[in-house]
Amino acid sequence: MQTEMTTPDLARDLARGYTLPADWYTDPAVARLERERIFARSWQYVGRSSQVREPGDFFASRAGHIPIAVVRDEEGVLRAHVNVCRHRGHEVVSGEGNRKTLQCPYHAWTYGLDGCLRNAPRADREPDFPWEELTLVPLRVEAWGPLVFVNPDVDAPPLAEVLGDLPGIVAESGVDIDALEFHEHRDWTLDVNWKVALENYLECYHCPVAHPGFSALIDVDVDSYDYTTQPFTSSQRAPVRAAALNGTGKAVAYDPHGEVHEAQYHLIWPNLTINIDPGRANMSVDVWIPDGAESMAGFSEQFFAPDVPSDLRAEMMAFAQQVGNEDDSLVESVQRGLRSGMVRQGRLLLGSEHLIHHFQGLVFQALSK
């Protein structure tokens, strides 16, 4: 990969707190390498366990740039396949539903739920047709609570190694993720590099300036807002402001009283963020999918405990959307600045931005192999 700096120089700069070079956020060659070395080798959230509860249930999704199909086979085994027909490359299934087989709509090549090719019209006219060689490409698949993850690397370590202590940290928030119910799915696009968007997510240094509503609810003061990292996850935790709980401060977007006593915001490498806001039991997830060097096509999903009132759900979702809208304008401006090429690198404040430092280190390690 061609960059403006040699790898040893960049490694030293990153260790000192300097950022990845600007062209790593704009260069199509970098984006192509990320597909190969990050998104083809990592665990990624693709959908919900509730979508594949019964034998024959399936859904189509993406793991980065790779179309995937998750199915529950006849024996109740959770499986994932590359959703690409072995004939001419058409996607085999779309949407979600329940089927006994997976049939490509292009030429009706038909696969079992196990991925084996069962039927290909006119194949009987072909001598020595290699049926056994033309299975759907298998993928690793595992679930954590309601969340289904897929890894294109069949030799990857188990999901639990990536999650580390995160399930326990989430449980400490007061949220039982197994008891949550899915509420809403929303697709979105953003004209920025995926790393720009995630790096904004990974710090609250900007919150007092850019997120007044968020900062009125969550204590973002430097001595209250906590950042921690594990090998493949990073976490932000913060208490609710006392003034927001007792009603003596600025007006807040929703009532923060409930079983969840702190805000938690987590990244699971490379592109899943998990958000837990204080108040009644809730969780949202965001998947940040690169779509070229300077754009994204991601999705968000919202979960609540069954007894959370509908008006409170609406207020909490509106709060999250407002913060997201504020972030969108920030990261779009950062992308324009990086695209200019006039500032080759930035300099992080490691006391407040060390989750970005950790994230950029993972990117550097992946692309330097």
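Between the Gln360 side chain and the Val363 main chain, no donor and acceptor come within less than 3.5 Å of each other. Side-chain atoms of Glu262 do not come within 3.5 Å of backbone N or O of Ser173 as any donor-acceptor pair.
Ion pairing between Arg86 and Glu133 fails under the 4.0 Å rule for side-chain N and carboxylate O. The existence of a salt bridge linking Asp155 and Arg140 is excluded, since no basic side-chain nitrogen approaches an acidic carboxylate oxygen closer than 4.0 Å. A salt bridge does not link Glu54 with Arg72: every distance from a Lys NZ or Arg NE/NH1/NH2 to an Asp or Glu carboxylate oxygen is 4.0 Å or more. For the pair Arg62 and Asp291, the salt-bridge criterion is not met [side-chain N within less than 4.0 Å of a carboxylate O]. By the 4.0 Å N-to-carboxylate-O rule, Arg41 lies too far from Asp153 to be salt-bridged with it.
Using a 3.5 Å distance cut-off with no hydrogens or angles, the side chains of Asp327 and His211 do pair a donor with an acceptor.
Annotation: side chain of Met317 is in contact with side chain of Gln302 (closest heavy-atom distance under 4.5 Å).
Cluster annotation: Leu102 is connected to Leu134 through the hydrophobic network of ILVMFWY side chains, with a link wherever side-chain heavy atoms come within less than 4.5 Å.
Remark: Lys195 fails to qualify as a cation-pi partner of Phe359 under the 6.0 Å distance and 45° angle criteria applied to the six-membered ring.
For Trp43 and Trp144, the ring centers are positioned 6.0 Å apart or more.
Environment of CD in Glu75: sparse, with no more than 12 heavy atoms of neighbouring residues, nucleotides or ligands closer than 6.0 Å.
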